[in-house]
Amino acid sequence: MHYGLSREAIAAVLREQGIAPTHQRIEIAHVVFERQRHLSADQILALVNARHAEASKATVYNTLKLLLDKKLVRELIVDPSKIFYDPNTGPHHHFYDVESGEVTDFPAEGVRIEGLPALPEGAVADGIDIVVRVRSARSKSRDR
């Protein structure tokens, strides 16, 4: 995990992964890695542009794709319209508060999944992501 790295250290990490460390990529990666938070691409764009006002939405998405491809971040899809980027690439799962939009981690150890079907022939599991959607017990439950 790359939390709290300086911009120089982030540039070195990008180089090690074969990513050219442009100014914009360094700033985007710095926002992603500066704190242990789950941010959407729009949140990352806003934070980068609050400092430098120079990154486009396309640049943010392209940089996030590079970070994903190099396994420097995980993509967390909590519903089809809400995607977050997680700098914690170690084994863990998530709680997603559907009312506040907050995402928090919980450890993978101790979580057991039983009854999965056999994988297709020739396939291996690449990982399992669990997202537990929560809401306040005081709020009305949705009609289903």
Side-chain angles (χ1 to χ4, degrees), residues 1-51 55 57-144:
M1 289 176 264
H2 304 288
Y3 303 128
L5 294 179
S6 68
R7 286 171 175 78
E8 294 78 22
I10 288 171
V13 168
L14 295 177
R15 271 190 218 94
E16 288 169 10
Q17 295 297 318
I19 300 172
T22 65
H23 174 71
Q24 290 176 323
R25 287 176 178 165
I26 292 168
E27 290 305 316
I28 292 163
H30 186 262
V31 166
V32 170
F33 297 130
E34 72 182 328
R35 60 183 77 79
Q36 190 173 348
R37 288 182 46 202
H38 306 84
L39 298 170
S40 69
D42 287 338
Q43 290 170 319
I44 294 165
L45 176 65
L47 289 167
V48 168
N49 285 339
R51 293 182 188 160
K57 196 171 205 170
T59 299
V60 169
Y61 277 102
N62 289 336
T63 300
L64 289 170
K65 180 166 180 359
L66 285 171
L67 297 176
L68 279 166
D69 290 346
K70 298 298 182 172
K71 300 198 183 315
L72 293 170
V73 297
R74 287 171 53 179
E75 189 174 57
L76 176 63
I77 302 170
V78 296
D79 77 35
S81 66
K82 293 184 182 158
I83 300 172
F84 295 94
Y85 295 88
D86 186 354
N88 180 354
T89 57
H92 70 286
H93 302 292
H94 299 95
F95 289 115
Y96 171 62
D97 187 315
V98 297
E99 295 169 331
S100 71
E102 182 180 0
V103 177
T104 54
D105 295 346
F106 67 88
E109 57 190 53
V111 174
R112 294 176 32 133
I113 300 172
E114 296 181 11
L116 287 176
L119 296 175
E121 187 173 328
V124 296
D126 193 36
I128 295 176
D129 295 320
I130 297 173
V131 176
V132 180
R133 289 165 186 80
V134 299
R135 67 176 60 249
S136 167
R138 293 183 299 265
S139 67
K140 292 183 179 180
S141 63
R142 294 187 295 189
D143 294 334
R144 293 186 187 212

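Worth saying up front: this structure is predicted, and the values here are computed from it rather than measured.
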Side chains of [X] and [Y]: closer than 4.5 Å at any heavy-atom pair?
{"X": "L64", "Y": "V32", "answer": "yes"}
{"X": "Y85", "Y": "L39", "answer": "no"}
{"X": "L14", "Y": "I26", "answer": "yes"}
{"X": "V111", "Y": "F106", "answer": "yes"}

Side chain to side chain contact (heavy atoms under 4.5 Å, CB included) between R37 and V103, intermediate numbers included: CA-CA 8 Å; R37 288 182 46 202; V103 177; over 6 Å; no
Whether H38 and H92 hold their rings parallel, tilted or perpendicular, with breakpoints at 30° and 60°: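 Tilted.
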Under 3.5 Å, is there a donor-acceptor pair between the side chain of [X] and the main chain of [Y]?
{"X": "R25", "Y": "A20", "value": "yes"}
{"X": "E99", "Y": "S136", "value": "yes"}
{"X": "R133", "Y": "V78", "value": "yes"}

Using 0.5 Å steps for rounding, measure from the [atom1] atom of [X] to the [atom2] atom of [Y].
{"X": "T63", "Y": "L45", "atom1": "OG1", "atom2": "CG", "answer": "11.0 Å"}
{"X": "D105", "Y": "F95", "atom1": "CG", "atom2": "CZ", "answer": "10.5 Å"}
{"X": "E34", "Y": "E27", "atom1": "CD", "atom2": "CD", "answer": "9.5 Å"}
{"X": "D97", "Y": "R135", "atom1": "CG", "atom2": "CZ", "answer": "8.5 Å"}
{"X": "I44", "Y": "Y61", "atom1": "CD1", "atom2": "OH", "answer": "9.0 Å"}
{"X": "H93", "Y": "I128", "atom1": "NE2", "atom2": "CD1", "answer": "7.5 Å"}

Please find the pair of heavy atoms, one from [X] and one from [Y], that lie closest to each other, and give the distance.
{"X": "L119", "Y": "A125", "result": "CD1-N, 3.4 Å"}
{"X": "L72", "Y": "F33", "result": "O-CE2, 3.6 Å"}
{"X": "L5", "Y": "H30", "result": "O-CD2, 3.6 Å"}

For R74 and H94, does a side-chain donor sit closer than 3.5 Å to a side-chain acceptor?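 The answer is no; no qualifying pair exists.
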Among L68, D86, N88, exactly one meets side-chain contact (heavy atoms from CB on, under 4.5 Å) together with V73. Which residue is that?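 The single option meeting the side-chain contact (heavy atoms from CB on, under 4.5 Å) with V73 is L68.
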Go through the steps to decide whether I83 and E75 satisfy the test side chain to side chain contact (heavy atoms under 4.5 Å, CB included), and finish with yes or no. CA-CA 7 Å; I83 300 172; E75 189 174 57; 3.4 Å; yes
